[in-house]
Each structure stands twice: as structure tokens, then as C-alpha cells.
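All remarks here apply to the structure that follows.
Side-chain atoms are counted along with the backbone in the values below, which use heavy atoms only and exclude waters and symmetry mates.
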Amino acid sequence: MTFLHPREWMETRPEGLYCKPADVFIDAHKPVPRVIVTHGHADHARPGNQWVYATPATLDIMQLRYTDSAWHRSVALDYHQPLCLNPQCSPKQQVTLTFYPAGHILGSAQALLQYAGSRLLISGDYKRRPDPTCAPFEVTPADVFITEATFGLPVFEHPPIENEIAKLINSLALFPDRCHLVGVYALGKCQRVILALRQLGYDKPIYLHGALVKMCELYAKHGIELGGLIAVNDVENTQSLAGEIVLAPPSALNDRWSRKLPNVLTAMASGWMQIRARSKQRNAELPLIISDHCDWPELLQTIEQINAPEVWVTHGREQALVYQAQKMGYSAQALSLIGYEDEDSD
Amino acid sequence: MEAFSALLERLYFTNSKNTKTAVIHEYLRDTPDPDRGWAIAALAGTLNFDLFKRALIKSLILERADPVLFELSYDYVGEMSETVAHLWPNAASEKEVSLPSLSEVVNTFKQADKQQTRDYLVSLLNQMTPAQRWALVKLGTRGLRVGVSARLIKRILADYGGQDVTVLEQLWHGIEPPYTELLAWLEGRAEKPDVSDKVTFHPVMLAHPLNESQLDELHLNDWQIEWKYDGIRVQLVSTPKGMALFSRTGDDISASFPDLLTDLNITGVFDGELLIINNGVIGTFNDLQQRLNKKKPSKKLQTGSPAGMVIYDALAIEGDDLSTATLATRRQALERWFDTQNDQRLLLSNQLKADSPDALRQLRTQATDGDKNAVEGLMLKRRDSVYTPGRPANQWLKWKREPFVIDAVMMYAQRGHGKRSSYYSDYTFGVWQEAVLVPVGKAYSGFTDEELKQLDRWVRQHTVGRFGPVKEVEKALVLEVAFDSAHSSSRHKSGIALRFPRIKRIRWDKPAAEADSVTTVAALIG
Ligand SMILES: [Zn+2]
Ligand SMILES: [Zn+2]
């Protein structure tokens with residue numbers, strides 16, 4: 001069979017990245033007939049598609065978020081299980097999809113597409129740090145590697161999560177009468193912060209903003225044990241939350257909801273917190289640098305390990321990573337896809 | 001140095017003035033002399049190094065980081081100190097070393113020659129954590145930007161010693177870092193520092209904008225009316241001990257205007273506006289512009305655009321202290337004194353007459369560069385007002401002339417700095433010359449936070465090209481731009497320069513083709 005380079009059979013369309021022979025989009029940001037969804041974050045998984053291919057956990061997340069409009073039909077595909085996307089075609093024309101863990105959040109996957117003798121690996125969002133809430137990233141060989149670049153600048157070097165969580169625990173000891181309100185994204189960051197607290201021996205109940213409760217329950221159903229969690233709404237006297245940890249989505253940090261909490265100390269858990277001005281924008285007194293994406297050294301490490309001769313960069317600061325990958329001897333280019341959140345999908 | 005770094009970190013991440021005050025008071029209590037005094041100097045912007053400067057830091061980082069990646073990082077981070085803090089290679093993590101004290105660092109940099117400065121800086125940066133590097137680099141680039149203004153630091157110091165802030169402001173320009181005597185006085189361990197033999201700055205009185213809706217209620221007889229000049233607010237202090245020219249923030253700018261000070265034979269403390277004055281005639285703002293930021297003006301520049309001063313107030317004249325007198329009294333004394341002067345470089349600000357609000361409105365329409373050079377509006381000062389440093393309510397009012405407004409098209413966008421570094425907040429806009437747009441200015445204010453987000457999103461979605469940190473955008477968004485005046489300029493392609501352009505409105509609805517033309521804007525040149 002003749003080798004066809006992925007540039008021959010992939011294209012970028014207004015709806016997103018598109019695989020022509022299988023007639024399927026990847027992480028489309030508008031409703032399409034067929035889409036592969038790498039993970040449940042809202043800038044990758046959107047409602048209203050006809051057919052959705054995703055891991056079982058990702059489908060659960062989409063179901064929770066979008067209920068009836070999550071999809072018309074879905075195909076649950078476990079990691080490492082190859083699936084032919086167009087069985088009606090002759091074997092030569094068939095496209096095979098295989099998911100590999102991406103280490104980003106529960107259910108997150110890299111999508112490997114095989115067609116005409118070539119392998120295209122789409123990273124989705126990924127990270128390389130250990131994370132007990134999801135399966136670790138697996139290195140898979142490919143002819144073309146499409147990598148995200150959320151933190152694609154050499155200024156980004158994320159500290160170990162233990163250091164950051166220790167900051168939070170130390171702050172609680174230093175300000176025992178202040179309610180420590182921590183901004184976390186509902187999906188992934190929230191549960192990872194909770195587990196990291198547990199691993200450092202924090203066994204008190206952790207209080208949750210209402211918007212986080214359901215997602216934590218979903219994680220628990222998938223076997224991620226989060227310890228004692230209490231919804232703030234169920235607390236009779238919110239003044240009793242002095243000296244406790246309350247988790248809330250970032251949008252709630254500075255809104256009216258947080259005013260009922262006593263003597264609040266605002267923390268924010270995000271990879272952006274490494275840049276002081278970003279922390280300032282969030283009004284975070286205690287910035288916690290916790291990211292679910294690769295930092296710069298990990299991006300370079302991954303490009304080297306996968307060692308695909310060609311790298312396409314998307315989702316973030318493409319320019320620097322393209323430049324660096326070229327310096328490392330790879331053929332690299334920016335894949336300009338619109339629709340990804342630049343700032344908040346961390 | 002560790003304590004100083006921790007101090008900056010805490011100040012940066014606290015928002016309330018009270019907390020900042022508490023943090024600095026705690027630092028002052030816990031930190032010995034002279035370290036704490038140097039920290040005060042760093043915060044107040046009175047700490048200066050001759051060789052440890054931004055350019056040196058940049059050259060050091062470029063020896064260690066790829067220049068392209070450095071530029072992209074700097075563009076993203078928006079601040080040199082933080083970019084360097086993160087990009088500087090981490091030394092293979094040895095065990096924690098203790099850093100030299102802040103005063104040792106300061107003294108070493110003050111005494112070091114070029115090579116020593118370089119070596120010392122490198123060795124410090126190698127030993128430091130990113131947060132400490134951030135603090136160190138800030139020392140060299142000045143302007144700490146941790147949300148503590150020079151004025152706030154004086155207030156915090158005054159509070160620390162239970163003193164009045166005006167006493168501190170009067171002392172301030174007669175004392176020097178590391179402020180050991182000052183701190184001793186504030187802690188009740190010594191007498192107030194003696195500055196009687198120094199030529200010192202007197203904090204100036206500032207005006208509030210006039211609230212136009214209250215115009216009809218003003219009793220105009222109670223107010224002294226003058227032109228508002230468009231120059232540099234200065235204070236000229238001349239005593240038997242010496243003479244100095246201060247900016248309104250108290251910087252000594254004497255060296256930039258030797259032509260004003262040489263052989264000037266007056267004694268007192270005079271408040272006024274520095275302008276170009278040629279044989280008694282005031283020059284335009286354009287003329288003055290040549291003199292701005294020239295630390296050592298050439299002879300040619302001094303004769304071509306000679307500096308002069310329009311005097312409008314005095315705190316002392318020939319030994320008479322006027323600092324507690326009303327404006328009416330000060331003005332009398334000033335007029336009497338001015339009658340005895342015949343120095344061509346000095347003018348007296350005229351009193352204007354308006355006996356009704358309409359007459360005042362009429363006066364304002366005459367406040368244009370066209371008729372009167374370097375006038376940008378009106379000043380109203382209560383005749384019974386005592387000279388009060390700061391911006392006291394309802395004493396001095398300024399009423400700028402109506403701004404000009406044009407419709408321009410956004411052409412390029414750039415990230416802001418500091419707090420705004422994640423937004424495209426600086427916009428170059430242009431107007432039509434035949435079928436092409438030519439840039440006429442840059443604006444980075446006038447919009448709300450919500451509008452900034454919308455503009456930022458628009459820029460990201462309509463980028464058509466990139467030149468380093470600058471994004472070129474689709475020529476499709478009309479901005480209503482307000483500005484104070486237009487001037488001809490050879491440095492701009494359009495031949496026009498605008499003063500204080502700001503965005504008045506975003507015209508999401510207006511087609512770009514309907515924006516203004518160069519001809520329209522050129523007609524506004526005063
Ligand atoms: Zn994601
Ligand atoms: Zn994403």
C-alpha cells in the first residue's frame with residue numbers, strides 16, 4: 001500500500017481538525033455529524049454532535065454536562081482498543097482510531113489515526129506529571145505528532161504539586177481564622193487538588209461550591225476516592241468555615257457567593273499562576289501553580305520521546321514551540337485552529 | 001536579601017492599602033538598619049545605580065537564552081524582571097545558600113566598576129530562586145510596581161512614627177537613603193532630621209477636574225480664574241543656600257534647564273509652569289516637546305527653544321513665608337514682587353475675568369493652541385484657599401477644553417504591561433489617505449475592563465499578521481478616539497501627532513470605510 005502523508009488526508013476546517021477519508025472531526029467546536037472527542041473540557045467536548053467517539057469516562061462527563069444534547073449516538077472506546085471508523089470502505093481506505101491515555105484529566109485520551117500506512121497522533125491536552133485521578137500519558141510512535149502548546153514558552157516550569165499544596169497547608173496553619181477559598185476548574189483540577197491534599201495527610205472535610213459537587217461524584221463513581229466532601233450549601237453556619245478549605249470555580253472567587261464566607265483568603269490553583277500579573281488578575285493572594293498541562297521542558301521531552309519527524313503545534317503559544325522544535329531538528333508548523341480557549345481551559 | 005524578596009512578594013499579592021501598610025510596618029520593626037532604609041529607598045524610587053541597569057540585565061539574559069524565545073517570553077510576560085526570573089537557568093540545585101544582606105548588595109553595586117557589576121549580578125542570580133531574582137532585577141530596573149507609590153510610602157512612614165505626612169513630605173527631599181536618621185526620629189530615638197541647610201521641595205497643590213454640572217452654582221467672585229498651561233509643572237526654589245528646579249513629584253530637574261536657572265536673580269519658592277519662552281512670547285507645546293527628556297540639552301537647543309516659566313503662585317518671596325496665607329494674599333505679594341522684575345524668562349500668569357457661567361464657557365472656547373500657545377483650558381482657584389499639598393477637595397479646579405474626536409480604524413494591537421500583560425490593550429489606529437490607512441496614534445485607555453475583554457477577543461480573532469510582539473488586525477473595527485490637540489510631526493507618516501489619544505467609544509456598528517481621513521484630522525492642527 002502506498003504511504004500517504006497525513007497532510008494529504010487531514011485538513012483544518014472552520015469547525016476544527018478534519019479527517020477526510022473517515023469523514024470525522026476531532027474536538028470540533030461546532031456541531032458536526034461525526035466527532036472524536038479527546039476529553040471532557042468544554043473547549044474540546046461540545047454539545048449537539050450526531051456521533052461521538054470518546055472514552056467511557058469522557059462520555060460520562062459529557063452526559064453529566066450536556067444531558068440530552070450531549071450527542072445523538074455515541075461510541076465508547078477504551079484505551080488501546082483499535083476501532084475502524086469507516087468499515088463500509090475497502091480495507092485500503094479504512095481509518096483506524098486508537099485512544100491512548102493523555103494524563104490530563106479523567107478519561108483524557110490521545111487519538112491515534114492510522115490510514116494508508118501512516119500514523120497521526122493527536123495529543124489533545126496532556127501532561128507528564130503523576131496524577132492519581134487519571135491514567136498516565138503513554139508514549140506512542142507516530143509520523144506526525146499534533147501537540148498542544150498551552151504553556152509553550154520557556155518561562156513555564158511548573159513546581160511539584162506537593163510544594164504548592166504545602167503552601168496552602170502552611171497558610172492554614174499561619175491564618176487559622178481565615179477561610180481558605182481556592183479557585184479550581186470543576187473538571188480535573190478540583191479532584192487533583194483534593195487528592196493532593198489527602199496525600200499530604202489533610203483528612204478534614206473539604207467544602208465545595210455547588211458547581212463542583214456533581215463532578216466529584218462522577219470521579220468517585222470511577223473509583224477515585226476523594227475523602228469527605230461537604231457542599232457549602234449544606235453548611236448551616238457558614239461562619240464555621242473559618243480555617244477550612246473551600247473549593248470553588250474561578251468565576252465564583254470574587255462574586256457575591258464568596259461574601260458569605262468568613263474572612264476569606266483567596267487562593268487560585270492554575271498553571272497561569274506562575275506569572276504574577278495573572279495571579280493579580282485573579283485577585284489571588286495565594287497563587288498555587290498547579291497545571292494539568294505540560295510545562296516547557298515536558299513539551300520538549302515529549303516531542304523527543306515520540307520522535308515523530310513532523311510536529312504540528314496548536315492550542316496555545318504555537319510560535320515558540322514551533323521555533324524550538326525546528327531547532328531540535330523536527331519539521332514543525334503551527335496548526336491554526338480556532339475555538340480553543342486561550343486562558344481558562346487550563 | 002531574603003527578607004526584601006519576601007517583602008516584595010507579600011506587597012505584590014496584597015491589594016488593600018491597610019494590609020500593605022501593616023506588612024511594611026512589620027518589615028520595619030523586624031529589619032535592622034541600614035537594610036530597611038534601602039528597602040524604603042527601593043520602594044520610594046530613590047535608589048539608583050549607575051551600572052546595574054536594565055541594559056546590562058538584558059545583555060546577560062541574552063547570553064543565556066535564545067533571543068527569539070526571550071522576545072516571545074518577554075512579550076508574553078510583559079515585564080523584564082519576571083521574564084529574567086523565569087528564564088535564568090537554575091543552577092543544579094545545591095543546598096540553600098544564604099544570600100548577602102540588602103545593604104551589602106546595594107553597597108557592592110554602588111562601588112563596583114563595570115566588570116565587577118556584571119560578575120556580582122551573575123553570581124547573585126545564579127544563587128537565587130526565581131522569586132528572589134525577580135526582586136533583585138527590580139532593584140536595577142527601578143519602578144518596583146508592587147502597588148506602593150512614592151506618596152503611599154511617605155504616608156506609611158508617617159504612620160509608623162505617628163507623624164503628619166506633610167511634615168514627612170517637607171523633610172523628604174532633604175534626606176537620603178538609607179534614612180537612618182529619619183527612622184530613628186520616627187521611632188522616637190532622635191531629633192527630627194535637620195534639613196534647614198538644604199534646598200528642599202515643597203509638595204505641590206493639585207486641582208480636581210471641574211464638575212460641569214455644578215458650574216452654575218459656583219460664585220465666580222470667590223474664584224481666581226487663569227489659563228491652564230500645557231507645559232511642565234515646576235517648583236523653583238531659590239534660597240541663599242542654592243537654587244533648584246523640581247518637577248511636581250519632587251524630582252530635581254535643574255540639570256535639564258540650565259538656561260532657566262543661570263544668573264536668575266530671585267529668592268523664594270515659586271510655583272508655575274515651565275514653557276518655551278522666546279523674548280517674552282510663549283512657544284507651542286511642539287516647541288517644548290524638543291526639550292522633554294533631554295537630560296543635557298545642547299547649546300543650540302537652549303537658544304532655539306529657551307526655557308522660561310509662567311509663575312502663578314509663591315510659597316515664599318524674599319524671606320516672607322506665604323505658606324499659611326490665602327491665595328488672595330499670596331497673589332498680591334506675587335504681583336507686587338513681579339512688578340520689580342524684568343527677567344525675560346519669567347512671566348506672570350494673568351487673571352481672567354468671567355462674571356457669569358456663560359462668560360466662563362466662552363473663555364473656555366478660547367483656550368486653544370490656535371490663539372494662545374500652550375493653553376489647554378482654564379484653572380479656577382478659590383481666593384481663600386491656603387496652599388495645601390495634595391489634592392484637597394473644592395480648592396483648585398481645572399477645566400480642560402473640549403477634546404477633539406475622530407473615527408479611526410484599529411490597525412495593530414500589542415499586549416499591555418503589568419496587570420494588563422495578558423490582554424491586547426495597546427492599539428495603533430489610523431485614518432484614510434485615499435484608499436490606504438495611515439497610522440496617526442496609539443491609545444491604551446478610555447475603555448472599561450469589560451470593553452478591554454471584548455477588544456482583546458476581537459484582536460485575537462481578527463489577527464492577520466504578526467511582527468514580533470505586534471499583531472496586525474483586519475482593518476474592520478472603528479474606534480472613536482478623543483484627544484486634546486493635534487500637532488504636525490515629521491516623525492509620523494501621516495504628518496500628524498495627537499496628544500493624549502484615548503478611546504471614547506468602540507463603534508462595533510460602523511463600517512471602516514466611513515472612518516475619518518487624514519485631511520479631516522489635519523484640519524484640527526492648532
Ligand atoms: Zn483540557
Ligand atoms: Zn484544552
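Of the two parts of B/W88, neither the backbone nor the side chain holds a non-hydrogen atom closer than 4.5 Å to a non-hydrogen atom of chain A. If you measure heavy-atom distances from B/Q461 to chain A, you find no contacts under 4.5 Å at all. Only the side chain of A/E157 comes within contact range of chain B, judged by heavy atoms closer than 4.5 Å.
Under the 4.0 Å criterion applied to side-chain N and carboxylate O atoms, A/E11 and A/R13 are assigned as salt-bridge partners.
For the atom pair B/R460 CZ and B/L455 CG, the distance stands at 12.0 Å (nearest 0.5 Å).
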Discussion item. Assess the residue pair B/K475 and B/E472 against the criterion (salt bridge (charged side-chain N to carboxylate O under 4.0 Å, His left out)); give the C-alpha distance rounded to whole Å, side-chain angles, the decisive distance to 0.1 Å, and a yes or no.
Written reply: CA-CA 9 Å; B/K475 311 299 178 296; B/E472 181 179 5; 2.8 Å; yes
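Comparing A/E285, A/Q274, A/R276, A/Q324 by heavy-atom pairs within less than 4.5 Å of chain B, the highest count is held by A/R276.
Judged purely by distance below 3.5 Å, without hydrogens or angles, the side chains of A/H158 and A/D295 never pair a donor atom with an acceptor atom.
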